[in-house]
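Here the structure comes first, spelled out in structure tokens, and everything after it is commentary.
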Amino acid sequence: MSSGDLLSIEPLELKFPFELKKQISCSLQLSNKTDSYVAFKVKTTNPKKYCVRPNTGIVLPRSTCDVMVTMQAQKEAPSDMQCKDKFLLQSVKTDDGVSPKDISAEMFNKEAGHVVEECKLRVLYVSPPQPPSPVPEGSEEGSSPRGSVSENGNVNGADFAQVTRGFAERPEAQDKSAEARALIARLTEEKNTAIQQTSKLRQELELLKRESNKNRGGVSFVFVILIGLLGIIMGYLMKKA
């Protein structure tokens, strides 16, 4: 902060978070330390590069005024990120009731006998703020474990095994696993029984065929029943499969 007799200026260094092809702004705050009207004027060594609003104005007694300095979008970045541009802020006491439109260059002419206070401001380029790093999945407290996935879409074997163990250790998972095993065992037993019955019926069918060929008679009523039973059993097996 500058501690001149007329104005306090903050900051004394204009810091621009430099980014290519982007306008960047920073602000100055001027504080009038006196009971008089103070006129100010802002100059720069590179006027085509910067826009100052307002570049002239009046700071009322014991009050403040904000000045916005905007750097135009730059196509190239300096190799060493150093900037040689400078600003000069001039201030002078003026008559009470003066408005900004009454300010003239003559008011800041030292040779005319005016007491002009001057403050030089440096320009600095700083790195733009970095975005916050994303929170990795599964880092939140209480979140469920997740296996890592490789680029080809395969789950890491160690992580998969760990997740499997985690689910197996849960009581509800163990209960469901036991129910599934019991159901599979029952269905397997029923399937084996049906296969045995089917085999037996086929043997009986063969015997009936041989007897029928010997007698050369029509199909017996028992043969028809066996054929029907065989169809029912085969349909049952198809449903279970």
Side-chain angles (χ1 to χ4, degrees), residues 1-137 139-141:
M1 176 187 295
S2 171
S3 299
D5 294 333
L6 302 180
L7 296 178
S8 293
I9 304 168
E10 186 179 4
L12 295 178
E13 294 178 338
L14 299 174
K15 296 182 179 181
F16 293 94
F18 189 88
E19 294 185 57
L20 289 176
K21 301 179 181 180
K22 183 178 179 181
Q23 283 191 349
I24 310 165
S25 300
C26 65
S27 62
L28 292 171
Q29 187 177 73
L30 312 181
S31 300
N32 187 347
K33 301 166 62 177
T34 72
D35 294 323
S36 303
Y37 279 59
V38 175
F40 70 88
K41 183 176 183 179
V42 182
K43 296 180 179 181
T44 178
T45 57
N46 197 345
K48 293 183 179 181
K49 186 177 178 180
Y50 301 94
C51 177
V52 183
R53 291 291 182 272
N55 63 336
T56 60
I58 299 292
V59 186
L60 300 178
R62 305 295 177 181
S63 63
T64 60
C65 176
D66 291 329
V67 176
M68 185 65 64
V69 182
T70 301
M71 182 176 67
Q72 304 303 317
Q74 301 297 299
K75 297 181 180 180
E76 296 180 357
S79 58
D80 54 359
M81 288 297 288
Q82 300 295 319
C83 182
K84 298 181 180 180
D85 300 333
K86 291 181 174 60
F87 283 80
L88 178 67
L89 192 145
Q90 297 177 308
S91 56
V92 62
K93 282 186 179 182
T94 185
D95 297 333
D96 292 351
V98 171
S99 65
K101 65 180 181 179
D102 298 324
I103 297 176
S104 64
E106 183 64 23
M107 296 172 62
F108 302 93
N109 188 356
K110 294 181 180 180
E111 297 179 356
H114 298 288
V115 179
V116 181
E117 191 173 274
E118 295 181 339
C119 179
K120 294 181 180 180
L121 307 175
R122 296 176 55 199
V123 177
L124 296 178
Y125 293 153
V126 297
S127 300
Q130 299 297 323
S133 59
V135 178
E137 291 189 14
S139 63
E140 293 87 2
E141 184 177 356

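Atoms considered below: every heavy atom in the structure, side chains included; atoms not considered: hydrogens, waters and symmetry mates.
Contacts classified as ring pair (Phe, Tyr, Trp, His ring centres under 6.0 Å) and involving residues 62-92 (residues at least two apart or in different chains) are given here: Y50-F87. The list of side-chain hydrogen bond (donor to acceptor under 3.5 Å, both in side chains) pairs with a residue in residues 102-112, not counting sequence neighbours, reads S99-D102, K110-E118.
Side-chain atoms of N32 do not come within 3.5 Å of backbone N or O of S63 as any donor-acceptor pair.
With sequence neighbours excluded, the residues that form a side-chain contact (heavy atoms from CB on, under 4.5 Å) with N55 are V52. In terms of the side-chain contact (heavy atoms from CB on, under 4.5 Å) criterion, residue partners of K22 (sequence neighbours excluded) are, by chain and number, E19. The salt bridge (charged side-chain N to carboxylate O under 4.0 Å, His left out) test applied to D95 returns no partner, not counting sequence neighbours. Every residue two or more places apart in sequence or in another chain that forms a side-chain contact (heavy atoms from CB on, under 4.5 Å) with R122 is listed here: E13, L124. Among residues two or more places apart in sequence or in another chain, the ring-ring contact (aromatic ring centres under 6.0 Å, His included) test is passed with F108 by none. For D35, the side chain to side chain donor-acceptor pair (under 3.5 Å) partners at least two apart in sequence or on another chain are R62. Listed by chain and number, the residues in a side chain to side chain donor-acceptor pair (under 3.5 Å) with R53 amount to none (sequence neighbours excluded).
A distance of 9.5 Å separates CD in E117 from CG in L89, rounded to the nearest 0.5 Å. Once rounded to the nearest 0.5 Å, the distance linking CG of L6 with OG of S31 reads 12.5 Å. In this structure, M107 CE and T56 OG1 are separated by 9.5 Å, a value rounded to the nearest 0.5 Å.
Taking the side chain as every heavy atom from C-beta outward, T34 and D5 never approach each other to under 4.5 Å.
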Only pairs under 3.5 Å count here: list side-chain donor-acceptor contacts from residues 64-78, not counting sequence neighbours, and write none if there are none.
residue, atom, partner, partner atom, Å
T70, OG1, S25, OG, 2.8
Q72, OE1, Q23, NE2, 3.0
Q74, NE2, Q72, O, 2.9

For residues 37-49, which side-chain donor-acceptor pairs fall under 3.5 Å, sequence neighbours excluded?
residue, atom, partner, partner atom, Å
T44, OG1, N46, N, 3.3
T44, OG1, K86, O, 3.2
T45, OG1, K86, N, 3.1
K49, NZ, D85, OD2, 3.0
K49, NZ, Y125, OH, 2.6

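The two atoms that bring L121 and P11 nearest to each other are CD2-O, 4.1 Å, heavy atoms only. Residues P100 and I58 come closest through the heavy atom pair N-CG1, 3.8 Å. Nearest heavy atom pair, residue V59 against residue L30, reads CG1-O, 4.2 Å.
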